[in-house]
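Notes follow once the structure below has been shown.
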2 protein chains.
Amino acid sequence: MTNDLPLTKDMILDAAEQVLRRYGPDKTSVIDIAKFLQVSHGTLYRHFASKAALREAVTERWLDKSIAEPLQEIADRAEGSATEQLRLWVETLIEKKRMYAVDDPEIFVMYADVTVRIGDMIAMHIHRLIKQIASIIERGMQAGEFKPDSADAIAKAVFMATESFHHPAHAHEWSSETIDEDFETVWRLILSGLK
Amino acid sequence: MTNDLPLTKDMILDAAEQVLRRYGPDKTSVIDIAKFLQVSHGTLYRHFASKAALREAVTERWLDKSIAEPLQEIADRAEGSATEQLRLWVETLIEKKRMYAVDDPEIFVMYADVTVRIGDMIAMHIHRLIKQIASIIERGMQAGEFKPDSADAIAKAVFMATESFHHPAHAHEWSSETIDEDFETVWRLILSGLK
DNA sequence: TAAATGACAAAATAAAGATATTGTTATTTG
DNA sequence: CAAATAACAATATCTTTATTTTGTCATTTA
């Protein structure tokens, strides 16, 4: 088809994300995405093995740029109190999840969907986040701010102990009136375990 | 119908539970349950407002006798270390959930189902469990074993911080090889917050 | 000749009609 | 007359068929 080529993976992902957002995950076909790009749908199979693979790629890219990267920026700051840094990191994770659940429901649903079936991709995403926490905790331990221990194990525990506040299966609880004070109490509990 | 009457709510719940267990939640109709009891299906509507109400009642009774009551027994013990008692209580909760997820999958699915939609009934069940934790923590505080604080708030925090290990949405994670050490680390984190 | 196409089979989804279930109530029965 | 029934309407589920979508691949195009 006469068109501004070449067609890249990223162009397809951009198109897929837009169409997915407009029609929702249930109603978008790969033909819809191909139409949007003005190519034949067969072409997309040259770039992605299956519709599922395409959806996964959209979700993965979204997780990276919307969640992991902004958090990485926080985790990389190597000055000031690790306690405050850790708190900011977890608060930001929670805030972003809450925000996207409301503001970007179609993509959030796709993410929640792959999460409950725990795909490889989600496992890697979570692993990356836990590594970020570990790096903050490690710094806090070296500064004598946190008591010495296995940073990796503690990081995973911090992630798990706060799952009520960021795991998509609990999204319906996030509209509770007491959710913020609940987090506050959990946080105090966790924090005194670190000190 | 010529039968050993009268028909009680509990008889219906017994029958419903058996039929539900045999056919699974998707495949059992109220006609199936009525057949099992050798009564007309209309009769069941004399005792329960709807099929949903009947299913809820089955789930509620199961939660009470399989989860809340055994835990109540542990929470009521007023001797020995509150630390150990709290640990036993939480371990028992986790162990029972894991066990029923495998051994009683049909009922567990019904329970998981009403949980994600957080019905009133589940909210009450959770409230009851948190009260049990609070009573243990209160005793620990009075004995000087835990530092003084709002027992109710802390109890909720303990419940929430351990949800990865007992909330049905996380059931698929329970087969992880590291689940026990993960819990161990979370528990240490929480416990030092109590002391 | 690398990339896209279009024609095709297989699989999934949608639509329509038939069947079964849920829920109500007037009637029956012990 | 209290409790169960049986007949009924409204809803939901299943079944069958038609349509669409997914995925493959031989052919075309730049």
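Every chain is numbered from 1, with letters handed out A, B, ... down the list of sequences. It should be emphasised that the depicted structure is a prediction, and the values quoted were computed from it without experimental measurement.
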Which residues pass the side chain to side chain contact (heavy atoms under 4.5 Å, CB included) test with B:Ala16, sequence neighbours left out?
B:Leu20, B:Ile33, B:Leu54, B:Val58

B/S/- along nucleotides 8-22 of chain D (protein heavy atoms under 4.0 Å) is ------S------SB

May I have all residue pairs that pass salt bridge (charged side-chain N to carboxylate O under 4.0 Å, His left out) and include part of [range], sequence neighbours excluded?
{"range": "residues 121-131 of chain B", "answer": "B:Asp64-B:Arg128, B:Lys131-B:Asp152"}
{"range": "residues 105-120 of chain A", "answer": "A:Asp113-A:Arg117"}
{"range": "residues 154-178 of chain A", "answer": "A:Lys156-B:Asp182"}
{"range": "residues 69-80 of chain B", "answer": "B:Glu73-B:Arg77"}

Between [N] ([atom2]) and [X] ([atom1]): distance, integer Å:
{"X": "A:Arg46", "N": "D:dC25", "atom1": "CZ", "atom2": "C1'", "answer": "10 Å"}
{"X": "B:Arg55", "N": "C:dT21", "atom1": "CZ", "atom2": "C1'", "answer": "14 Å"}
{"X": "A:Lys9", "N": "C:dA3", "atom1": "NZ", "atom2": "P", "answer": "12 Å"}
{"X": "A:His47", "N": "D:dT24", "atom1": "NE2", "atom2": "P", "answer": "15 Å"}
{"X": "B:Leu44", "N": "C:dT21", "atom1": "CG", "atom2": "C1'", "answer": "13 Å"}

Should A:Ser40 be listed as having a side-chain N or O under 4.0 Å from OP1 or OP2 of C:dT5?
yes

Angle between the end axes of the helix from C:dT1-D:dA30 to C:dG30-D:dC1, five pairs per end, to the nearest 10 degrees?
20°

Applying side-chain hydrogen bond (donor to acceptor under 3.5 Å, both in side chains), name anything that partners A:Asp10, two or more places apart in sequence or on another chain.
A:Arg61

Could you pull out the closest heavy-atom pair between B:Phe108 and B:Tyr100, with the gap in Å?
CB-O, 3.8 Å

Compile the donor-acceptor pairs under 3.5 Å between side chains in residues 22-30 of chain B and protein atoms, sequence neighbours left out, one pair per line.
{"from": "B:Ser29", "atom 1": "OG", "to": "B:Ile31", "atom 2": "N", "distance (Å)": "3.4"}
{"from": "B:Ser29", "atom 1": "OG", "to": "B:Asp32", "atom 2": "N", "distance (Å)": "3.0"}
{"from": "B:Ser29", "atom 1": "OG", "to": "B:Asp32", "atom 2": "OD2", "distance (Å)": "3.2"}

